[in-house]
Each structure stands twice: as C-alpha cells, then as structure tokens.
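Proteins come first, then strands; the chains are lettered A, B, ... in the order of their sequence lines, and each starts at number 1.
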Amino acid sequence: MPELPEVEVVRRGLARWVRGRTITGVDVPDPRSIRRHALGTEDFIGNLEHATVMDVVRRGKFLWMPLNMSSPAGTGIGSDPATAFVPGGNVPKVALMAHLGMSGQLLMQDPDVPDEKHLKVRIRLSAVNGMPEQLRFVDQRIFGGLFVTSMIPTVDGGPGGLGETPLPEIAEEASHIARDPLDPFFSFDAFYRKVKGRKTGLKRALLDQSVISGIGNIYADEALWRSRLHYARATDTLRRADAERLVEAVKDVMNAALAAGGTSFDSLYVNVNGDSGYFARSLNAYGRAGELCGRCEAIGLHSVMKREQFMNRSSYTCPVCQPRPRNGRW
DNA sequence: TGCCGAACCTGAAAGC
DNA sequence: TGCTTTCAGGTTCGGC
C-alpha cells in the first residue's frame with residue numbers, strides 16, 4: 001500500500017522521465033479513475049493535451065505535476081524546467097493530480113508493452129531518445145485516481161511540496177493537508193498544537209492528513225511501536241517529549257523505508273519501473289501478530305505481538321512495551 | 001464544529 | 001471443484 005516513502009520513490013522516478021516533456025495524447029479506458037475530475041473525460045483530456053510537464057511534486061501521499069499550458073504542442077522536448085518558471089509569466093495555473101490510493105501505480109512504458117490488466121489512464125509523451133513514451137496509471141482497487149486541479153499560493157509562503165524546482169504554490173486539492181515529516185518546512189510546534197487540540201486517539205490523529213500527512217496504517221503502527229506509545233492514547237494527554245519521540249520515530253521509519261525502496265507485500269506497490277521495495281522485511285510491528293516483540297525479547301521478556309481491530313483496520317501492538325492506557329489516559 | 005463510521009472497490013485467501 | 005464470505009485500507013462524506 002503506497003504511503004509517503006512509496007509515493008516519494010514514485011515521485012523521484014517519475015521526475016526523471018517526465019519533466020519538460022509535452023503530453024501528446026490521453027486515453028481513459030476506465031473513467032472511474034478520473035471520477036474526481038468533475039467536468040468529465042473530455043475536459044480532463046482537453047486540459048492535458050499539448051501541456052508540458054514542469055515538475056513532479058509531492059506533499060504527503062498526494063502527487064501532482066504542474067503543467068505549462070502555454071507551450072505549443074511538441075515544443076516541450078528538451079526545455080529546461082528550471083528556467084521555465086518566470087515570475088509573473090508562465091507560472092503553471094493547473095496541475096495533473098494523482099493519488100495512488102490502495103493499489104495505484106504510475107508506470108513508464110514503451111508503446112509496444114501490452115496493456116496492464118487494470119490500466120485506467122494512458123498519457124502519451126513527446127518522444128525523447130531512450131525514454132519510455134507512455135505514462136500509465138494502473139489501479140486494481142480504484143481507490144486512487146487522476147484529475148486536473150488549480151495551483152494556488154501556499155498559506156505560509158513556503159514551497160507547496162517536495163519537487164525539483166520548489167514553487168510557493170500548491171495544487172488546490174492538496175492544500176488542506178498538513179506538511180509531512182520529511183518536508184523541510186515541517187513544523188513540530190504546529191503538529192503538537194494540532195494534536196493537543198484534538199480529543200481523539202493517537203493513531204486516529206496520525207492518520208488524519210490535516211494533522212500530519214503521509215502516514216498510513218503501516219507506518220503509524222511502526223512509529224507507535226518505536227516510540228512505545230499505544231494507539232488509543234488520548235491525544236490531549238500527550239506530553240511534548242512523547243510527541244517529539246513519536247515524530248522522530250515517524251521520520252526514522254520513513255527514511256529507512258525510503259532507503260529500501262518502500263514497503264511491498266505483493267504486486268500492488270511498485271515503482272515507475274515496476275520494481276518492488278524491500279522494507280517489509282524490516283517491519284517490527286505491522287503484520288507480526290503472534291510473533292515475539294523483538295524489543296522485549298532482547299531483554300529476556302516473552303511478549304507476543306497482538307492484532308486488534310481499529311477503524312476497520314488492523315492495529316499491531318506489544319502488550320508489554322506499548323501498554324493500553326486506562327480509559328485512554330495515563 | 002469536530003468526531004466517527006460507512007462507503008467506495010477488487011482479488012486473494014479461507015471456509016464450507 | 002465451485003461458490004460464498006472475509007479481509008486489506010486511503011479518502012470523502014454524511015450523520016450525530
């Protein structure tokens with residue numbers, strides 16, 4: 001399942017292939033994957049054709065490609081995105097937005113590669129020697145999707161997200177979410193204020209993208225395990241030191257996952273070249289129900305990881321080093 | 001206003 | 001063997 005590290009792996013791969021290239025054609029074999037584009041398939045295609053991809057930017061699990069709409073068809077080849085943004089000039093007004101959902105994949109393919117079983121959108125790119133000519137959106141469960149959205153100024157004046165040429169603009173549909181822990185402009189104080197202001201459980205807050213973005217079920221469990229906190233801990237009882245430990249754990253686990261190319265349990269997550277990541281082998285909590293807690297075992301304790309139902313999902317904890325708080329409070 | 005749960009969706013695995 | 005049920009989970013939206 002793509003969470004922040006997996007989306008960042010995809011972003012880096014995509015940036016290498018699509019920056020500066022012009023979209024020459026678009027097919028939408030399954031319009032369900034563009035259902036968030038309210039104006040329909042024709043409008044979606046009309047917005048993309050002849051536009052030049054300026055960059056690939058990410059905030060949390062949202063990924064977008066700012067588009068230069070002013071380029072005549074075919075002139076995007078070899079243009080330099082770093083110099084394409086002229087203040088007050090051809091600043092991108094729209095972006096192609098992507099969310100991978102549960103099973104979305106953005107793949108670079110040559111035209112002669114047969115269509116994937118769950119191919120939803122095909123974007124043809126201007127020809128460049130040695131580069132694949134199609135960007136394909138493949139999605140088995142259709143929780144993800146593509147749509148065109150406006151670019152708007154960021155509230156804090158900082159870059160909208162992580163990209164190769166950061167701009168003080170953000171895709172409108174991503175403007176409601178908080179900065180993610182790997183964002184250089186991430187503010188611990190802002191995160192702590194939001195968490196303390198909530199009256200809910202800690203894991204629910206971690207999964208709330210308006211509090212902190214990029215965290216899904218897997219890395220929430222891993223970060224809570226690393227920081228020895230229980231998912232049901234009431235957020236308004238969280239001490240500053242606990243929150244600092246938690247944020248550091250989130251950063252550590254995400255950086256480790258990024259270094260391993262992401263977490264893959266099956267073929268549902270792959271990078272733009274179709275390769276899987278290896279971080280699943282390093283998980284300490286997620287999916288380890290019935291196994292011994294590695295941290296407790298290291299000090300001679302025999303505690304068995306347990307799985308509980310939470311928010312229609314599974315949560316994995318160690319009952320010894322992550323004790324459940326009484327009534328959510330310590 | 002803010003929290004919470006349902007719904008969306010498909011394929012693999014388990015159960016019968 | 002084949003059918004049915006369960007499970008996986010990110011985001012949005014409606015109900016409370």
Closest to side chain of [X], choosing from [options]:
{"X": "A/Y286", "options": "B/dT10, C/dT12, C/dA8", "answer": "C/dA8"}
{"X": "A/Q209", "options": "C/dT11, B/dC4, C/dG10", "answer": "C/dT11"}
{"X": "A/K117", "options": "C/dT11, B/dG11, B/dA6", "answer": "B/dG11"}
{"X": "A/R32", "options": "B/dG5, B/dC9, C/dT11", "answer": "B/dC9"}
{"X": "A/N217", "options": "C/dG10, C/dT11, B/dG11", "answer": "C/dG10"}
{"X": "A/M102", "options": "B/dC4, C/dA8, B/dG11", "answer": "C/dA8"}
{"X": "A/R307", "options": "B/dG11, B/dC4, C/dC7", "answer": "C/dC7"}
{"X": "A/K61", "options": "C/dA8, C/dG10, B/dG11", "answer": "C/dG10"}
{"X": "A/H118", "options": "B/dG11, C/dG10, B/dC4", "answer": "B/dG11"}
{"X": "A/R313", "options": "C/dG10, C/dT12, B/dC9", "answer": "C/dG10"}

A/Y231 vs A/F310 aromatic rings, parallel, tilted or perpendicular, using cut-offs 30° and 60°?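 If you compare the ring of A/Y231 with that of A/F310, the planes turn out tilted.
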Would you say [X] reaches [N]'s phosphate, i.e. side-chain N/O to OP1/OP2 under 4.0 Å?
{"X": "A/H176", "N": "C/dT12", "value": "yes"}
{"X": "A/R35", "N": "B/dC8", "value": "no"}
{"X": "A/T200", "N": "B/dC4", "value": "yes"}
{"X": "A/Q140", "N": "B/dC9", "value": "no"}
{"X": "A/Q309", "N": "C/dT6", "value": "no"}
{"X": "A/R204", "N": "B/dC4", "value": "yes"}
{"X": "A/S103", "N": "B/dC9", "value": "no"}

Calculate the interatomic distance between [X] atom [atom1] and [N] atom [atom2]; express it in whole Å.
{"X": "A/K199", "N": "B/dG2", "atom1": "NZ", "atom2": "P", "value": "12 Å"}
{"X": "A/Q105", "N": "B/dG11", "atom1": "CD", "atom2": "P", "value": "13 Å"}
{"X": "A/F310", "N": "C/dA8", "atom1": "CZ", "atom2": "C1'", "value": "16 Å"}
{"X": "A/M311", "N": "C/dT11", "atom1": "CE", "atom2": "P", "value": "11 Å"}
{"X": "A/H99", "N": "B/dC8", "atom1": "NE2", "atom2": "C1'", "value": "14 Å"}
{"X": "A/F147", "N": "C/dG10", "atom1": "CZ", "atom2": "C1'", "value": "13 Å"}
{"X": "A/L207", "N": "C/dA8", "atom1": "CG", "atom2": "P", "value": "15 Å"}
{"X": "A/D208", "N": "B/dC3", "atom1": "CG", "atom2": "C1'", "value": "10 Å"}

Any donor-acceptor N or O pair under 3.5 Å, side chains A/K61, A/S213: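 There is no such pair between these side chains.
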List the steps and the verdict of side-chain contact (heavy atoms from CB on, under 4.5 Å) for A/V138 and A/L107. CA-CA 8 Å; A/V138 177; A/L107 303 172; 4.0 Å; yes
Nearest-0.5 Å distance, CG of residue A/D27 to CD1 of residue A/I45: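 Interatomic distance, A/D27 CG to A/I45 CD1, rounded to 0.5 Å: 7.0 Å.
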Lys/Arg N to Asp/Glu carboxylate O, A/R136 vs A/E116, below 4.0 Å: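 Looking at A/R136 and A/E116, the cut-off is met.
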Quick one: do A/E173 and A/R36 make a salt bridge, cutoff under 4.0 Å?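 The answer is yes: the pair qualifies as a salt bridge.
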Touch check for A/E173, heavy atoms < 4.0 angstrom, all strands: base, sugar-phosphate only, or nothing?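 The residue A/E173 makes no contact with any strand.
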